[in-house]
Structures are given as C-alpha cells and as structure tokens.
Chemist: 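What follows is a structure written as structure tokens; I'll ask about it next.
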Amino acid sequence: MRLREILRRLREHFGRHGWWPAETDYEVILGAILVQRTAWRNVEKAIEGMRGRGLLDPKAVVESELYRLEEAVRSSGFYRQKAWRILAFTRYLFDEYSGCLKRLFSKPTEELRRELLELEGFGPETVDSILLYAVGRPVLPVDAYVRRTLERVEGTATGRMPYEELQSLIHKNLKGGVEAYRDLRALTVMLGKAYCRKDPICLPCPLKDICRYSLSMKAGLEAP
DNA sequence: ACCCAGGTGGCCC
DNA sequence: GGGCCACATGGG
C-alpha cells in the first residue's frame with residue numbers, strides 16, 4: 001500500500017490539516033455521534049442547537065430531559081437515536097467516571113476501545129474518531145473517504161475489506177503516529193469534497209497518476 | 001421527486 | 001462473513 005506516498009501528496013497539496021472541528025474533548029464525542037451518516041453542515045447546526053441550550057457540557061446533558069436533547073440535535077438526522085446515544089454515554093460517564101473524561105481516557109488504548117464499543121451507538125468509526133481526535137491515540141478511523149481513496153489507488157479488494165482488517169493493514173503500512181493518522185483522515189475528506197463532480201474547483205487531482213482504478217465519479221478522485 | 005451525506009444495530013441466510 | 005433494512009434531516 002502506498003500510504004506514505006498518498007499522505008505526502010495530500011500534505012503537499014492541501015497543507016497539514018490534523019483537524020477535528022471542535023473546542024473540547026466532549027464536543028469531539030458529540031460530533032462523532034452526530035456525524036453518523038450525515039453531512040457535517042447539519043452537525044454544525046446540531047452543535048449550535050446544543051450550545052444555545054447550554055448543553056455542550058456533560059453535567060448539563062446528564063441533567064437534561066431527553067426531549068430537550070432531541071430538539072437540540074434535530075437537524076443532524078436520526079435525531080432520536082443520536083439524542084439517546086449522547087444521553088446514555090453521558091450517564092455512563094457519570095456513573096463510571098464521575099463525569100470525568102480524563103479519567104475515562106487514562107486507560108490503555110485497546111482496553112478503552114473495547115469498552116467504548118460496548119456503548120449503544122458507538123461503532124468502530126465513532127470510537128476510533130474519539131480515540132484519534134479526543135484521546136490522542138494513533139488509531140485510524142476507516143471512514144467512507146479513506147475507503148474510496150484506497151479503492152481507487154489500490155483497488156476494491158483493499159477498499160472493501162472488513163473494518164478491522166483494513167485498519168490493521170493501514171496501521172502496519174503507515175507508522176507516522178497520531179499526526180499521520182489525523183492528517184490522512186482529514187485530507188482524504190478534503191480531497192473527496194474538493195473533487196466532488198459538482199464542485200467547480202478545477203485543479204489537478206494530487207493522486208490522479210497513482211490511481212489504478214476509477215470506479216465512479218462519486219468519490220471525486222477524478223481530476224476535473 | 002428524487003439522491004446523497006465523515007454509521008450503527010438488528011435480522012436473515 | 002455478507003446482504004438488507006430502519007433510523008430522519010437538509011441540500012443539490
């Protein structure tokens with residue numbers, strides 16, 4: 001897998017961008033839940049909905065009524081499940097860790113990962129996003145953008161591997177630690193958005209000449 | 001009136 | 001392991 005090369009080109013093209021758009025660790029967790037199968041612009045509204053109701057703080061959330069949380073996050077879609085998942089996680093945080101994220105985060109990566117995966121609505125991508133962007137562990141969330149990028153550069157056999165299998169293959173082939181994984185995740189998202197067919201931007205796609213496959217235009221890896 | 005977006009869980013074979 | 005479905009809103 002040419003992950004080093006992919007990352008090098010993306011960094012050269014977009015600059016370093018180890019982002020997660022959030023002010024606090026708790027907000028990263030909220031965003032990771034709210035963004036499930038949803039466009040980020042709708043998540044922003046939901047976060048603002050929570051901010052407007054004073055709900056960006058775990059203490060406020062755990063004392064809040066479910067319906068109030070639901071109306072706050074309505075714009076993110078699947079709002080009933082998401083409100084419940086946020087409330088259930090926050091209750092668990094208070095029941096098990098006195099509401100202290102630092103205490104939860106102090107566990108070893110594998111143990112913490114297994115524990116978070118037990119929570120309702122915390123699948124592998126949500127958990128790994130939290131591990132990478134809130135806890136700061138070298139774990140790559142394998143999202144749709146990473147998959148589509150690898151499908152085109154390396155082929156569908158790679159892009160469609162089961163989650164854990166693909167993730168460990170990536171971990172084996174890219175050792176740059178937290179910074180590398182944050183950049184790879186962020187920059188593949190930026191690539192997908194920048195080269196979406198509907199986007200008017202017309203620059204050469206930084207990966208075009210190393211793509212073995214171009215399936216559909218949908219993921220946007222075709223240069224315009 | 002479609003189709004899609006930075007998933008997850010349940011059910012089926 | 002893989003295929004299908006519900007979950008729901010906002011934008012193109």
Side-chain angles (χ1 to χ4, degrees), chain A residues 6-7 10 14 17-22 27-50 52 66-67 69-89 92 113-134 139-152 156-170 181-201 215-222 224:
Chain A
I6 292 171
L7 181 57
L10 291 176
F14 292 108
H17 212 292
W19 100 147
W20 182 282
E27 222 181 292
V28 173
I29 296 171
L30 297 178
I33 294 169
L34 292 171
V35 78
Q36 291 168 359
R37 200 61 196 180
T38 301
W40 184 260
R41 59 177 174 275
N42 295 330
V43 176
E44 287 177 330
K45 291 177 192 163
I47 297 274
E48 287 317 302
M50 291 186 72
L66 181 58
Y67 79 89
L69 216 39
E70 288 179 350
E71 65 182 17
V73 304
R74 190 170 39 83
S75 65
S76 72
F78 308 131
Y79 68 93
R80 269 188 257 259
Q81 316 185 35
K82 287 175 179 177
W84 172 249
R85 289 166 182 183
I86 287 168
L87 183 57
F89 165 76
Y92 151 86
R113 187 171 191 275
R114 277 194 300 275
E115 187 169 328
L116 291 175
L117 283 171
E118 300 284 318
L119 298 171
E120 192 179 332
F122 284 60
E125 190 184 326
T126 304
V127 167
D128 290 340
S129 294
I130 292 166
L131 288 173
L132 181 61
Y133 290 105
V139 174
L140 183 81
V142 182
D143 67 4
Y145 288 109
V146 170
R147 275 183 188 282
R148 281 179 281 199
T149 302
L150 291 179
E151 277 192 15
R152 280 157 189 74
T156 57
T158 307
R160 295 179 187 175
M161 286 167 82
Y163 188 98
E164 313 274 344
E165 197 181 332
L166 181 52
Q167 184 183 50
S168 69
L169 186 60
I170 294 170
Y181 296 154
R182 284 183 175 174
D183 274 356
L184 183 63
R185 174 75 180 299
L187 296 176
T188 48
V189 172
M190 291 179 74
L191 180 71
K193 289 180 177 169
Y195 291 96
C196 172
R197 180 165 45 171
K198 291 164 194 157
D199 196 293
I201 291 176
L215 300 177
S216 70
M217 296 281 287
K218 194 171 157 308
L221 288 183
E222 300 278 9

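Just so you know, these numbers use all the heavy atoms, side chains as well, and skip hydrogens, waters and symmetry mates.
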Chemist: How far, in whole Å, is C:dA8 from B:dG10 if one measures between their P atoms?
Modeler: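 B:dG10 and C:dA8 have their P atoms separated by 15 Å.
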Chemist: Main chain of A:L140, side chain of A:Q167: is a donor-acceptor contact present, judged purely on distance under 3.5 Å?
Modeler: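 Answer holds: yes.
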Chemist: Using atom CD of A:E71 as one end and atom C1' of C:dA8 as the other, report the distance to the nearest whole Å.
Modeler: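 Spelled out: CD on A:E71 to C1' on C:dA8 is 16 Å.
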Chemist: Checking side-chain contact (heavy atoms from CB on, under 4.5 Å) for the pair A:T149/A:L10: CA distance, chi angles, key distance, verdict?
Modeler: CA-CA 11 Å; A:T149 302; A:L10 291 176; 5.6 Å; no
Chemist: Take atom CD of A:E164 and atom C1' of C:dG1, then tell me their distance rounded to the nearest Å.
Modeler: 14 Å
Chemist: Just how far, in rounded Å, is C1' of B:dA5 from CD of A:E44?
Modeler: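 Roughly 14 Å, once rounded to whole Å.
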Chemist: My understanding is that only residues two or more places apart in sequence, or in another chain, count here; which of them pass side chain to side chain contact (heavy atoms under 4.5 Å, CB included) with A:A144?
Modeler: A:R148
Chemist: At under 4.0 Å between heavy atoms, what does A:R80 touch on the DNA or RNA strands: base, sugar-phosphate, or nothing?
Modeler: sugar-phosphate
Chemist: For a quick test of reading the model, state the closest non-hydrogen atom pair linking A:E70 to A:A83 and the distance between them.
Modeler: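 Closest approach of A:E70 to A:A83, heavy atoms only: CG-CB, 3.5 Å.
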Chemist: Taking CG from A:L116 and P from B:dG7, how many angstroms apart are they, rounded to a whole number?
Modeler: 18 Å
Chemist: Just checking A:Q81: base, sugar-phosphate only, or nothing, at a heavy-atom cut-off of under 4.0 Å?
Modeler: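 A:Q81: base contact, heavy atoms under 4.0 Å.
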Chemist: Is the shortest heavy-atom distance from the side chain of A:K82 to the side chain of A:L69 under 4.5 Å?
Modeler: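 Side-chain contact under 4.5 Å: no.
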Chemist: For A:N42, is there any backbone N or O sitting under 3.5 Å from a side-chain donor or acceptor partner on A:S75?
Modeler: yes
Chemist: Just call it for A:K82: base, sugar-phosphate, or nothing, with non-hydrogen atoms closer than 4.0 Å on any strand.
Modeler: nothing
Chemist: Can you tell me if the side-chain N/O atoms of A:R37 get under 4.0 Å from OP1 or OP2 in B:dA5?
Modeler: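 Checking A:R37 against B:dA5: at least one side-chain N or O falls below 4.0 Å of OP1 or OP2.
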Chemist: Do any side-chain atoms of residues 118-125 of chain A form donor-acceptor pairs under 3.5 angstrom with protein atoms, and if so which ones, sequence neighbours left out?
Modeler:
unit_1: A:E120; atom_1: OE1; unit_2: A:W84; atom_2: NE1; d: 3.4
unit_1: A:E125; atom_1: OE2; unit_2: A:R185; atom_2: NH2; d: 3.3

Chemist: A:R41 has a side chain; which of C:dG10, B:dT8, C:dC7 sits nearest to it?
Modeler: C:dG10
Chemist: Please report, rounded to the nearest Å, how far the P atom of C:dG10 is from the OH atom of A:Y79.
Modeler: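 About 10 Å, once rounded to whole Å.
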Chemist: For A:Q36 and C:dT9, what is the distance between atoms CD and C1' respectively, to the nearest whole Å?
Modeler: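 So the two atoms are 14 Å apart, to the nearest Å.
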Chemist: Restricting to pairs with a member in residues 29-47 of chain A, which pass salt bridge (Lys or Arg N to Asp or Glu O under 4.0 Å), not counting sequence neighbours?
Modeler: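 Residue pairs with at least one partner in residues 29-47 of chain A: there are none.
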Chemist: Answer with base, sugar-phosphate or nothing: what part of the nucleic acid does A:S75 contact at a heavy-atom distance below 4.0 Å?
Modeler: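 Sugar-phosphate contact only - A:S75 comes under 4.0 Å of backbone atoms but never of a base.
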Chemist: Please check if the side chain of A:T38 supplies one atom and the backbone of A:S76 the other of a donor-acceptor pair under 3.5 Å.
Modeler: yes
Chemist: Taking only residues two or more places apart in sequence, or in another chain, which ones meet A:A22 in a side chain to side chain contact (heavy atoms under 4.5 Å, CB included)?
Modeler: A:W20, A:E27, A:V28
Chemist: Can you tell me which nucleotide in C:dC7, B:dG7, C:dG10 comes closest to the side chain of A:K45?
Modeler: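 That would be C:dG10.
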Chemist: Rounded to the Å, how far apart are A:E70 CD and C:dT9 P?
Modeler: 11 Å
Chemist: Just the atom pairs and distances: protein N or O near nucleotides 9-11 of chain B's N or O, under 3.5 Å.
Modeler:
unit_1: B:dG9; atom_1: OP1; unit_2: A:G121; atom_2: N; d: 2.9

Chemist: Identify all pairs in which a protein N or O lies below 3.5 Å from an N or O of nucleotides 2-5 of chain C, and state each distance.
Modeler:
none

Chemist: Describe the nucleic acid contact of A:W19 in one word from base, sugar-phosphate, nothing, applying a heavy-atom distance below 4.0 Å.
Modeler: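 Answer is base: heavy atoms of A:W19 come under 4.0 Å of a base.
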Chemist: Is A:T126 near enough to B:dT8 that one of its side-chain N or O atoms lies under 4.0 angstrom from OP1 or OP2?
Modeler: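 Yes, within the criterion.
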